**Student:** 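Okay, here's the structure, questions in a sec.
Keep in mind it's a predicted model, so treat the numbers as computed, not measured. Worth knowing before you read on, the calculation uses all heavy atoms, side chains too, and leaves out hydrogens, waters and symmetry mates. Ligands are counted one by one from 1 in listed order, and the atoms in each one are counted from 1 as well.
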Amino acid sequence: VINYIKQQINNFIFQICFYFGNGLHLEVLNARNGNTLLPKHRHLVRQKRAWITAPVALREGEDLSKRNPIAKIHSDVAEERGLKITYKYTGKGITEPPFGVFVFNKDTGELNVTKILDREETPSFLLIGYALDEKGNNLEKPLELRIKVLDINDNEPVFTQDVFAGSIEELSAADTLVMKISATDADEPNTLNSKISYRIVSQEPTYPPVFYLNKDTGEIYTTSFTLDREVN
Ligand SMILES: *[C@@H]1O[C@H](CO)[C@@H](O)[C@H](O)[C@H]1NC(C)=O
């Protein structure tokens, strides 16, 4: 068992060294918990900073300027060889629309966010970071930087129709399905922010209630009240 564990640890070390020996490194600053993959294993990684590849998470609808710079790429190769280096980022938010969401410093590799983000407009960004030599050639393998925009509950549910019309025969049994109403919500799917709950605000005649509704599905059913077309 001990040998097995040792072997696993060796594999782990090998993978880290392999990864860190190649390409650009990414440092995410002011990262939230869970964003930093490797601080525990820093000693394995040549005492370098905690480089990560996990997505950077930025909340929509918020002034993010205090978190700048949100990320930074850095080439150890350039540093070790004392080369003049220029950093560059491409991708959505920089070289593709929406433009101007991010800006970077070509000397330091720092990346800033300049706008308040809207998840419903752009749920994520994929940037590529480059380290270029004086001739503009890649000094290292370009690196992918993913930025995930975190949802806030900033959208109200909207009914899919202005009016829903239903009909039901008189003398129908209790719990007969009359109709189904539906709405959508633009917040992140399958989260509480986009979960919809339905409610009957009023009905006529008021009492006794003739209809009830399933709050999760929007289905409207008859109660045990006996419907009589000649009355209503
Ligand atoms: C990024 O933000 C930091 C902190 O506000 C600032 O010092 C730096 O100049 C900004 N860099 C760019 C390229 O805008």
**Student:** Counting heavy atoms only, name the option from N112, T114, L111 that's nearest to atom 3 (C) of ligand 1.
**Tutor:** N112
**Student:** For atom 11 (N) of ligand 1, decide whether some protein heavy-atom distance is shorter than 4.0 Å.
**Tutor:** yes
**Student:** Name the closest protein heavy atom to atom 4 (C) of ligand 1, giving the residue it belongs to and the distance to 0.1 Å.
**Tutor:** N68 O, 3.8 Å
**Student:** Is a side-chain donor or acceptor of D133 paired with a backbone partner of N137 at a separation under 3.5 angstrom?
**Tutor:** yes
**Student:** Can you check atom 7 (O) of ligand 1: any protein non-hydrogen atom closer than 4.0 Å?
**Tutor:** no
**Student:** Any carboxylate oxygen within less than 4.0 angstrom of a Lys/Arg side-chain nitrogen, looking at K195 and D216?
**Tutor:** yes
**Student:** Check each atom of ligand 1 against the heavy atoms of F104 and keep those under 4.0 Å away; list them by number with element.
**Tutor:** 13 (C)
**Student:** Look at E121 together with K92 and state whether they make a salt bridge at an N to O cut-off of under 4.0 Å.
**Tutor:** no
**Student:** Can you tell me if Y89 uses its side chain to pair, donor with acceptor, with the backbone of K106 under 3.5 Å?
**Tutor:** no
**Student:** Can T160 and S182 be counted as having a side-chain donor-acceptor contact under 3.5 angstrom?
**Tutor:** yes
**Student:** List ligand 1 atoms under 4.0 Å from V103, heavy atoms only on the residue side.
**Tutor:** 14 (O)
